[in-house]
Protein chains: 2
Amino acid sequence: MATEQQVMAHFEATCRSHGLKLTHQRLEIYRALLQSAEHPSAESLHKQLETRLPTLSPDTVYRTLATFEQLGLVKRVETMSSQARFEAVIDQHHHFFCDQCGRLIDFHWHLFDTMGLPESLQGIGKIRDKNVVVHGVCEQCLTSKKNES
Amino acid sequence: MATEQQVMAHFEATCRSHGLKLTHQRLEIYRALLQSAEHPSAESLHKQLETRLPTLSPDTVYRTLATFEQLGLVKRVETMSSQARFEAVIDQHHHFFCDQCGRLIDFHWHLFDTMGLPESLQGIGKIRDKNVVVHGVCEQCLTSKKNES
DNA sequence: TAGTAATTAAGAATAAATCTTAACTAAAAA
DNA sequence: TTTTTAGTTAAGATTTATTCTTAATTACTA
Ligand SMILES: [Mn+2]
Ligand SMILES: [Mn+2]
Ligand SMILES: [Zn+2]
Ligand SMILES: [Zn+2]
């Protein structure tokens, strides 16, 4: 398990090796994403960082996330919500998506990760990775629903 | 395996039981989605149907798809593309997504479907369904790349 | 067939994301 | 350190996907 210092060092190395400058904005955006478990949208990241970087523009957040995505530092999580949501790439994991509140929760599934793919995928193309998305209603939504009665 | 007539009968019954009128537009949109394997966007569905229904508005396509989604007749496929993509709900299956051209290809995986979920999901909430998304480059994109050299 | 409530088309409005441009800044060069 | 310069930024305009508003039309009911 990598320490935050190691992850930040890898981040810096990746930026430098691609000729990207280590701007304050890039560092803060990446750090915020690293420390968040919420898979934030560009907008919510911007809102969060606004206090520390009062001049930060939404455009910079969008652009920076797209750059990080290309470098493989950040992943865009696929949801059917209109806003894209992001996470720092750390390890192989999967997502539980709450259809009620939109909360995204990570989970691990080693058995799945090490399992082979089905025959039905033969000849379909070159496979990069496989992920599970579980849909449902999260514990918090279930609890708050109960309390309404 | 249901015939198209049976599927259309179920569609009509579902609409009626929810007090929805069987408009020409609804029938055509549903039929087009049933017959397509491409997981079309609202826009491409509209383009396709425009010849048969020259006055069909994009809004009607969007609205109708949203209605069908609520009835469980149609599913929104989660991709990270900006446009939402849809499919008629027929059977349990999974998706291969080509990161190059955006093509979505269905595949079946019975072993996965019948497999239990990992412990790591315990207490996370109420689970509705689980799906696999495989990313990669489709056969056609691989072939056309080869031919470029 | 007439009545009526639901549905539609058209175009305006909104929301998310991207583009343009001029000013700025970090890192390399001197 | 200072200069240079390529890369980055903010601000606001623009684009793209989707949703809303409203008046007209349509499908079902009796
Ligand atoms: Mn995650
Ligand atoms: Mn499908
Ligand atoms: Zn929830
Ligand atoms: Zn492809």
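Remember, predicted model here, so these are calculated numbers, not experimental data. Naming convention: chains lettered A, B, ... in sequence-line order (proteins, then strands); numbering from 1 in each chain.
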Find the distance A/Gln25:CD to D/dG7:C1' and express it as a whole number of Å. 12 Å
Where each residue is assigned the nucleotide of DNA chain D containing its nearest heavy atom, which of B/His24 and B/Gln83 is assigned the position nearer the 5′ end? B/Gln83
Just to be sure I understand the rule, does B/Ala42 reach a base, reach only the sugar-phosphate, or reach nothing, if contact means heavy atoms closer than 4.0 Å? nothing
Measure CG/A/Leu45 against P/C/dA17 and give the value in whole Å, please. 12 Å
In whole angstroms, the gap separating P of C/dT18 from CG of A/Asp59 amounts to 9 Å
Do any side-chain nitrogens or oxygens of A/Thr55 fall under 4.0 Å of OP1 or OP2 in D/dA10? yes
If you look at every strand shown and take non-hydrogen atoms under 4.0 Å, does B/Arg26 touch a base, only sugar-phosphate, or nothing? sugar-phosphate
Does B/Glu38, at its CD atom, have more than 12 non-hydrogen atoms belonging to other residues, nucleotides or ligands within less than 6.0 Å? no
What nucleotide, of C/dA27, D/dA10, D/dC28, holds the atom closest to the side chain of A/Leu22? C/dA27
For A/Thr60 and D/dA10, is the shortest distance between a side-chain N/O and OP1 or OP2 below 4.0 Å? yes
Tell me: CD of A/Glu50 to C1' of D/dT9, nearest whole Å? 16 Å
Give a yes/no on whether any side-chain N or O of A/Arg63 is located under 4.0 angstrom from OP1 or OP2 of D/dT8. no
Just to confirm, is there a sub-4.0 Å distance from OP1 or OP2 of D/dT19 to any side-chain nitrogen or oxygen of B/Tyr62? no
Give the rounded distance in Å between these two atoms: NE2 of B/His46 and P of D/dT19. 15 Å
Can you find a side-chain donor-acceptor pair between A/Asp106 and A/His94 that sits under 3.5 Å? no
For A/Arg76 and A/Glu69, run salt bridge (Lys or Arg N to Asp or Glu O under 4.0 Å): C-alpha distance rounded to whole Å, both residues' side-chain angles, the deciding distance at 0.1 Å, then the answer. CA-CA 7 Å; A/Arg76 195 177 290 259; A/Glu69 196 185 5; 3.0 Å; yes
Taking atom CD of B/Gln35 as the centre, does the number of heavy atoms from other residues, nucleotides or ligands within less than 6.0 Å exceed 12? yes
Between C/dT7 (P) and B/Leu27 (CG): distance, integer Å: 13 Å
For A/Ala66, report the nucleic acid contact type (base, sugar-phosphate, nothing); a contact means any heavy atom under 4.0 Å. nothing
Whole angstrom value for the distance that separates C1' of C/dA27 from CZ of A/Arg16: 9 Å
Output the single nucleotide from D/dA27, D/dA10, D/dA17 whose closest atom is nearest the side chain of B/Glu43. D/dA17
Expressed as a whole number of angstroms, how long is the span from A/Tyr30:OH to D/dT8:P? 18 Å
Are more than 12 heavy atoms, taken from residues, nucleotides or ligands other than B/Gln92, located less than 6.0 Å from that residue's CD atom? yes
Which nucleotide in C/dA17, D/dA17, C/dT8 has an atom nearest any side-chain atom of B/Thr64: C/dT8
